[in-house]
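These notes concern the structure reproduced below.
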Amino acid sequence: KAGVTQTPRYLIKTRGQQVTLSCSPISGHRSVSWYQQTPGQGLQFLFEYFSETQRNKGNFPGRFSGRQFSNSRSEMNVSTLELGDSALYLCASSLVAQKNIQYFGAGTRLSVL
Amino acid sequence: EDQVTQSPEALRLQEGESSSLNCSYTVSGLRGLFWYRQDPGKGPEFLFTLYSAGEEKEKERLKATLTKKESFLHITAPKPEDSATYLCAVQAGGGTSYGKLTFGQGTILTVHP
């Protein structure tokens with residue numbers, strides 16, 4: 001069974017640009033969560049989607065947004081990039097029947113110059 | 001606010017030297033406590049989930065235990081391939097916890113041959 005797939009693996013952008021990251025969950029998983037990982041703050045929750053609906057959101061500015069499609073694939077978008085947005089962005093999927101165990105992808109490394 | 005504190009921040013062991021990692025938490029109604037392993041450049045890999053005080057889980061050289069305030073990850077006779085960052089996370093009960101894990105800063109384990 002294929003794991004969580006995130007694309008692209010690496011991105012370099014400049015300040016002010018916007019970026020879209022993609023996540024394909026494990027087959028059958030309908031919940032997708034996004035996290036930002038930085039050396040200083042560790043892993044921080046961004047938002048969660050289930051059946052195309054955002055059910056939960058972390059403490060990030062409105063520049064961070066996401067969506068989920070009918071096939072459970074998810075995208076997150078960051079507009080007006082800032083230097084501080086440089087981070088590893090991780091996507092995780094879960095199956096409610098498995099008591100919400102989250103399985104992570106390899107992440108997208110975003111560098112903002 | 002949910003909080004997770006891991007100690008020590010870094011741990012160096014000789015191959016075969018057993019030790020424990022600590023995860024202290026405060027959460028409003030624990031839904032689950034999760035241990036992950038993260039290798040450099042990769043996403044977190046699920047190890048264990050614990051749901052109630054007194055619960056224990058084992059996998060190869062690792063054993064996780066849970067009390068009402070903390071969890072321990074015991075490593076017996078570690079090998080160099082056990083070197084990684086070990087992350088602890090909690091999920092709170094209630095609707096606001098959908099898809100949200102609160103992570104500690106992690107313990108960087110290095111096992112020397």
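Sequence lines set the chain letters: A, B, ... in the order given, protein chains first and strands last, and positions in each chain run from 1.
- Cluster annotation: A:Leu90 is not connected to A:Phe60 through the hydrophobic network of ILVMFWY side chains, with a link wherever side-chain heavy atoms come within less than 4.5 Å.
- Placement of A:Leu110 and A:Met76 within a single hydrophobic cluster is found when ILVMFWY residues are connected by side-chain heavy-atom separations under 4.5 Å, directly or transitively.
- In this structure, CG on A:Asn100 lies 4.5 Å from CD on B:Gln91, to the nearest 0.5 angstrom.
- No more than 12 heavy atoms of other residues, nucleotides or ligands shown are found within 6.0 angstrom of CZ on A:Arg15.
- Between A:Ser33 and B:Gly99, the shortest heavy-atom distance links the atoms OG-O, 2.7 Å.
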*For B:Gln38 and A:Gln37, what are the C-alpha separation, side-chain angles and deciding distance, and is it a side chain to side chain contact (heavy atoms under 4.5 Å, CB included)?*
CA-CA 12 Å; B:Gln38 186 173 26; A:Gln37 187 174 28; 2.9 Å; yes

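- At a threshold of 4.5 Å between side-chain heavy atoms, the hydrophobic network of Ile, Leu, Val, Met, Phe, Trp and Tyr places A:Phe45 and B:Leu101 in one connected group.
- In the hydrophobic cluster analysis, where Ile, Leu, Val, Met, Phe, Trp and Tyr join through side-chain heavy atoms closer than 4.5 angstrom, B:Leu87 is grouped together with B:Phe46.
- Here the CD1 atom belonging to A:Ile101 is positioned 7.5 Å from the OH atom belonging to B:Tyr36, to the nearest 0.5 angstrom.
- Only the side chain of A:Leu88 comes within less than 4.5 Å of a heavy atom of chain B; its backbone N, CA, C and O stay farther away.
- Options A:Arg109, A:Gln41, A:Lys57 differ in how many heavy-atom pairs under 4.5 Å they form with chain B, and the most are formed by A:Gln41.
- Both B:Leu73 and B:Leu50 sit in one connected hydrophobic cluster of ILVMFWY residues. Membership requires side-chain heavy atoms under 4.5 Å apart, directly or through other members.
- Within 6.0 Å of the CD atom in A:Glu52, the count of heavy atoms belonging to other residues, nucleotides or ligands exceeds 12.
- A 6.0 Å sphere centred on NZ of B:Lys79 holds no more than 12 heavy atoms belonging to other residues, nucleotides or ligands.
- Of the inter-residue distances, the one linking A:Phe104 atom CZ with B:Lys42 atom NZ reads 16.0 Å to the nearest 0.5 angstrom.
- For the atom pair CZ of B:Phe34 and CD of A:Gln102, the computed distance is 7.0 Å after rounding to the nearest 0.5 Å.
- Taking both residues in full, the closest heavy atoms of B:Pro44 and A:Leu43 are given as CG-CD1, 4.3 Å, listed atom of the first, atom of the second, then distance.
- In this structure, CG on A:Asn59 lies 7.5 Å from CD on B:Glu1, to the nearest 0.5 angstrom.
- Ring centers of A:Tyr35 and B:Phe103: under 6.0 Å apart, within the cut-off.
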